[in-house]
Asker: 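If you scroll down you'll find the structure; I have some questions about it.
Residue numbers run from 1 in the order of the sequence given. Here the structure is a predicted model, which is why all the values come from computation and not from measurement.
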Amino acid sequence: TTNTITINNLQPDTQYEFNTRTKCGDGSATAWSINYNFTTEADGGGGGGGGGTCVQWEPDDLDIMATTVTIDFVAIPTAVRYKLRYRPVT
């Protein structure tokens, strides 16, 4: 299963970083992942709970536009929630 997270209202032509975390069905949570980086396009651009081990989710595909990024990832069977935090890189 593929899930999607979309972050809107980003600044054009800006570098961002994000990392991820999975909340597991047993109530535990994974550590935050490594940082993933992306840069939004300049203005006017186009767009490109079961059993098992609970692991961090990782992005499969990023569709980056001027003010939006859509992140696709494969669902973790033991997850009950996914977290993502992001910020502009200064």
Asker: Rounded to the nearest 0.5 Å, what separates atom OG1 in T68 from atom CG in L10?
Answerer: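 Between atom OG1 of T68 and atom CG of L10 there are 6.5 Å.
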
Asker: How would you list, by chain and number, every residue that makes a ring pair (Phe, Tyr, Trp, His ring centres under 6.0 Å) with F73, sequence neighbours excluded?
Answerer: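 Listed in chain order: W57, Y82.
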
Asker: Check Q15 against N37 and note the closest heavy-atom contact, atom names and distance.
Answerer: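 Looking at all heavy atoms of both residues, the closest pair is NE2-OD1, 4.0 Å.
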
Asker: Does some side-chain heavy atom of N19 sit less than 4.5 Å from a side-chain heavy atom of I34?
Answerer: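 They are not in side-chain contact.
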
Asker: Who pairs with E17 by salt bridge (charged side-chain N to carboxylate O under 4.0 Å, His left out), at least two apart in sequence or on another chain?
Answerer: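 Testing E17 for salt bridge (charged side-chain N to carboxylate O under 4.0 Å, His left out), a comparison that skips the adjacent residues, returns R87.
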
Asker: Applying side chain to side chain contact (heavy atoms under 4.5 Å, CB included) between F18 and each of L62, I7, N35, report the one that passes.
Answerer: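 Of L62, I7, N35, side chain to side chain contact (heavy atoms under 4.5 Å, CB included) with F18 is met by L62 alone.
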
Asker: Please give me the minimum heavy-atom distance between T40 and I64, naming the atom from each residue.
Answerer: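 Scanning both residues, the minimum pair turns out to be CA-CG2, 3.5 Å.
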
Asker: With the side chain counted from C-beta on, respond yes when I5 and T70 share a heavy-atom pair under 4.5 Å apart, and no when they do not.
Answerer: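 When only atoms from C-beta onward are counted, T70 and I5 do not touch, as no gap falls below 4.5 Å.
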
Asker: Could you grab the distance from atom NZ of K83 to atom OG of S33, nearest 0.5 Å is fine?
Answerer: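 The NZ atom of K83 sits 13.0 Å away from the OG atom of S33.
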
Asker: At their closest point, which heavy atom of C54 faces which heavy atom of T22, and how far apart are they?
Answerer: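 Answer, listing the atom of C54 first, then T22: SG-CG2, 3.7 Å.
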
Asker: List the atom of I71, the atom of P59, and the distance in Å for their closest heavy-atom pair.
Answerer: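 Shortest heavy-atom contact: CG2-CB, 3.8 Å.
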
Asker: Carefully, step by step, assess N8 and T67 under the rule side-chain contact (heavy atoms from CB on, under 4.5 Å).
Answerer: CA-CA 6 Å; N8 296 303; T67 61; over 6 Å; no

Asker: Could you report the tightest heavy-atom contact between W32 and R21, atom names first, then the distance?
Answerer: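 The answer is NE1-NH1, 3.2 Å.
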
Asker: Check C24 against T30 and note the closest heavy-atom contact, atom names and distance.
Answerer: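 Residues C24 and T30, closest heavy atoms: SG-CG2, 4.4 Å.
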
Asker: Got a donor-acceptor contact below 3.5 angstrom from the S28 side chain to the D26 backbone?
Answerer: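 Flag not set: sc S28 to bb D26 has no pair under 3.5 Å.
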
